[in-house]
Amino acid sequence: SQQGEEDPQALSIQEGENATMNCSYKTSINNLQWYRQNSGRGLVHLILIRSNEREKHSGRLRVTLDTSKKSSSLLITASRAADTASYFCATDLWVGAQKLVFGQGTRLTINP
Amino acid sequence: ETGVTQTPRHLVMGMTNKKSLKCEQHLGHNAMYWYKQSAKKPLELMFVYSLEERVENNSVPSRFSPECPNSSHLFLHLHTLQPEDSALYLCASSQAQGTGQPQHFGDGTRLSIL
């Protein structure tokens, strides 16, 4: 399976702290994407990192990619209560159309 | 209206019923997707349409039947479902221009099979 696997499955921190989530995958990829899902809602795209990139930033988000270890991490700095959500990584494949293969996600809770 | 809209948001049906889920996107995308999200399981890709042609069918049971009449609309026809089909069904869209495209999701239809 090329499925991504997130670690930890659940993370609870205090507001203002940094949150780090990790993702591992099994085969070569073109790109890797991170998504957020608030309870009862659809997924929202956060950031995409290409296989030739090692680090990418977007606001309070920092994503790293290590293709030799087949792993990625998502760092959220200065967390806020509104960051409470599930976070998913997805490997990005081509099967005649784009195919995203998602992991099981990390459930992040920010305590005020 | 912008984004990806799914209707209905909630659906309760018996195993012998026939119903349809609808998805509409107003983003000008030309690829659309159906996903199934069950508790304790990763998001599962069910069907992919690119330029209105089905290009992926992930071994989905025939009781699920997709339809893509144009690039803006996607349906999932349901019949004779099983209790294990209870889940959140998500629709997404993107540009059909290879990998590296972000997908835009609707808020899903929460399906409960009695």
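Chain letters run A, B, ... following the sequence lines, proteins first and then strands; every chain starts at 1.
Using a 4.5 Å cut-off between heavy atoms, B/Tyr35 contacts chain A through its side chain alone, with no backbone atom that close. Heavy atoms closer than 4.5 Å to chain A are found nowhere in B/Gln6, neither backbone nor side chain. Using a 4.5 Å cut-off between heavy atoms, A/Arg50 touches chain B through its side chain atoms alone. The contact between A/Leu100 and chain B is made by backbone and side chain atoms together, counting heavy-atom distances below 4.5 Å. Heavy atoms closer than 4.5 Å to chain B are found nowhere in A/Gln9, neither backbone nor side chain. Interface remark: B/Leu43 contributes backbone and side-chain atoms alike to the contact with chain A (heavy atom separation under 4.5 Å).
For the atom pair CZ of A/Phe102 and NZ of B/Lys41, the computed distance is 15.5 Å after rounding to the nearest 0.5 Å. With rounding to the nearest 0.5 Å, the separation of CZ in B/Phe105 from CD in A/Gln37 is 8.5 Å. Taken from OG in B/Ser94 to CG in A/Asp92, the straight-line distance is 9.0 Å, to the nearest 0.5 Å.
You'll find the side chain of A/Leu43 reaches within 4.5 Å of the side chain of B/Leu90, heavy atoms only. Side-chain contact between A/Lys99 and B/Val48 is absent, with no heavy-atom pair separated by less than 4.5 Å.
Taking A/Gly40, A/Gly42, A/Ala97 one by one and counting their heavy-atom pairs under 4.5 Å with chain B, the maximum is reached by A/Gly42. Top candidate by heavy-atom pairs under 4.5 Å with chain A, chosen from B/Gly100, B/Gly108, B/Ser50, B/Gly106, is B/Gly100. Note on B/Arg9, B/His104, B/Gln37: by heavy-atom pairs under 4.5 Å with chain A, the leading option is B/Gln37.
Residue B/Gln103 forms a side-chain hydrogen bond (donor to acceptor under 3.5 Å, both in side chains) with just one option from A/Gln98, A/His45, A/Gln33, and that option is A/Gln98.
Residues of residues 51-86 of chain A lying under 4.5 angstrom from chain B, judged on non-hydrogen atoms, do not exist. Residues from residues 66-79 of chain B never place a non-hydrogen atom less than 4.5 Å from a non-hydrogen atom of chain A.
Taking B/Arg110 as the reference, B/His10, B/Leu88 meet the side-chain contact (heavy atoms from CB on, under 4.5 Å) condition, with sequence neighbours excluded. Residues forming a side-chain contact (heavy atoms from CB on, under 4.5 Å) with B/Pro83 (at least two apart in sequence, or on another chain): B/Met15.
Put simply, A/Met21 and A/Leu46 are part of the same group of oily side chains (I, L, V, M, F, W, Y) that touch within less than 4.5 Å, one to the next. Follow the hydrophobic side-chain contacts under 4.5 Å out from B/Tyr49 and you reach B/Leu21 in the same cluster. Residues A/Val44 and B/Tyr33 do not share a hydrophobic cluster, clusters being chains of Ile/Leu/Val/Met/Phe/Trp/Tyr side chains in contact below 4.5 Å.
Of all heavy-atom pairs spanning A/Gly103 and B/Pro42, the tightest one is O-CB, 3.8 Å.
At most 12 heavy atoms of other shown residues, nucleotides or ligands fall within 6.0 angstrom of atom CZ in A/Arg41.
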